[in-house]
Amino acid sequence: MGYWLMKSEPDTYSIDDLKRAGCEPWDGIRNYQARNMIRDDMRVGDKVLFYHSSCKVPAVVGLARVASKPYADPTQFDPSSKYHDPKSQQDDPRWLLVDVEYKRHLQQPIPLSELKEHSELADFQLVKRGNRLSIFPVQKAHWDFILGLE
DNA sequence: GCCAACGTTGGC
DNA sequence: GCCAACGTTGGC
């Protein structure tokens with residue numbers, strides 16, 4: 001069982017949007033580190049912390065689930081998409097995604113500022129400087145501690 | 001392969 | 001809007 005955090009800008013795609021959709025292809029990942037983790041480490045059933053970034057109150061806001069194996073992100077082949085990658089080949093797709101399924105909102109969002117107050121989370125990737133990955137694994141101990149704050 | 005310039009992310 | 005921290009690009 002894997003545990004992940006996935007960031008999204010709520011102005012672009014929020015936890016409420018995912019709730020409405022139920023399940024959605026998580027497209028637009030264009031970072032090789034993130035791509036490699038999707039490709040090599042994501043499994044159906046893995047659990048996901050849904051995080052709102054670049055907004056008034058950056059916070060963990062809900063729970064989701066990996067709902068598919070990795071597959072080629074179709075937006076890389078779509079010239080009208082902002083995620084279009086003209087260098088990616090159909091027979092050798094550069095970018096992958098997984099489907100993400102809504103589980104639930106947290107009872108209350110847990111703001112980044114609150115996460116930073118806990119020494120238990122000192123090694124949590126989200127609170128580290130220079131953290132820019134939009135997807136990264138979460139240690140089980142961190143996962144349990146964060147949900148214990150709910 | 002090095003490195004400067006540039007672009008992006010994301011908190012504040 | 002500012003800035004730090006990266007990642008990417010391209011000249012050499």
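The figures that follow rest on heavy atoms only: side chains count, while hydrogens, waters and symmetry mates do not. Bear in mind that the values here come from a model prediction, so they are computed numbers and not experimental data.
For the 3.5 Å distance criterion, the side chains of A:His105 and A:Asp16 qualify, holding a donor opposite an acceptor. Counted by atom type alone, A:Glu24 and A:Tyr102 present zero donor-acceptor pairs between their side chains at under 3.5 Å.
With a cutoff of under 4.0 Å to any heavy atom of chain A, the contacted region of DNA chain B is bounded 5' to 3' by B:dG7 to B:dC12.
Here the options are A:Phe50, A:Tyr83, A:Trp95, A:Tyr71, the test is ring pair (Phe, Tyr, Trp, His ring centres under 6.0 Å), and the partner is A:Trp26; only A:Phe50 passes. Among A:Asp27, A:Asp73, A:Thr75, the one residue that satisfies the side chain to side chain contact (heavy atoms under 4.5 Å, CB included) test with A:Ser81 is A:Thr75.
The residues A:Arg104 and A:Glu150 are annotated as salt-bridged, a charged nitrogen and a carboxylate oxygen being separated by less than 4.0 angstrom.
Direction of the helix axis in the helix from B:dG1-C:dC12 to B:dC12-C:dG1 shifts by 10° between the two five-pair termini, rounded to 10°.
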#### Entry: Evaluation steps, salt bridge (charged side-chain N to carboxylate O under 4.0 Å, His left out), between A:Glu101 and A:Lys47
CA-CA 10 Å; A:Glu101 176 188 307; A:Lys47 296 180 174 185; over 6 Å; no
#### Entry: Residue pair A:Ser88, A:Gln76: steps toward the side-chain hydrogen bond (donor to acceptor under 3.5 Å, both in side chains) verdict
CA-CA 7 Å; A:Ser88 186; A:Gln76 69 197 303; 2.7 Å; yes
### From CA spacing to verdict: salt bridge (charged side-chain N to carboxylate O under 4.0 Å, His left out), A:Arg20, A:Asp17
CA-CA 5 Å; A:Arg20 270 190 292 275; A:Asp17 294 320; 2.6 Å; yes
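Scanning residues 110-120 of chain A for heavy-atom distances under 4.0 Å to DNA chain B yields A:Leu112, A:Lys116.
Counted within 6.0 Å of CD on A:Gln125, heavy atoms from surrounding residues, nucleotides or ligands total more than 12; the atom is thus considered enclosed.
Counting heavy atoms from C-beta on, the side chains of A:Val57 and A:Ser113 never come closer than 4.5 Å.
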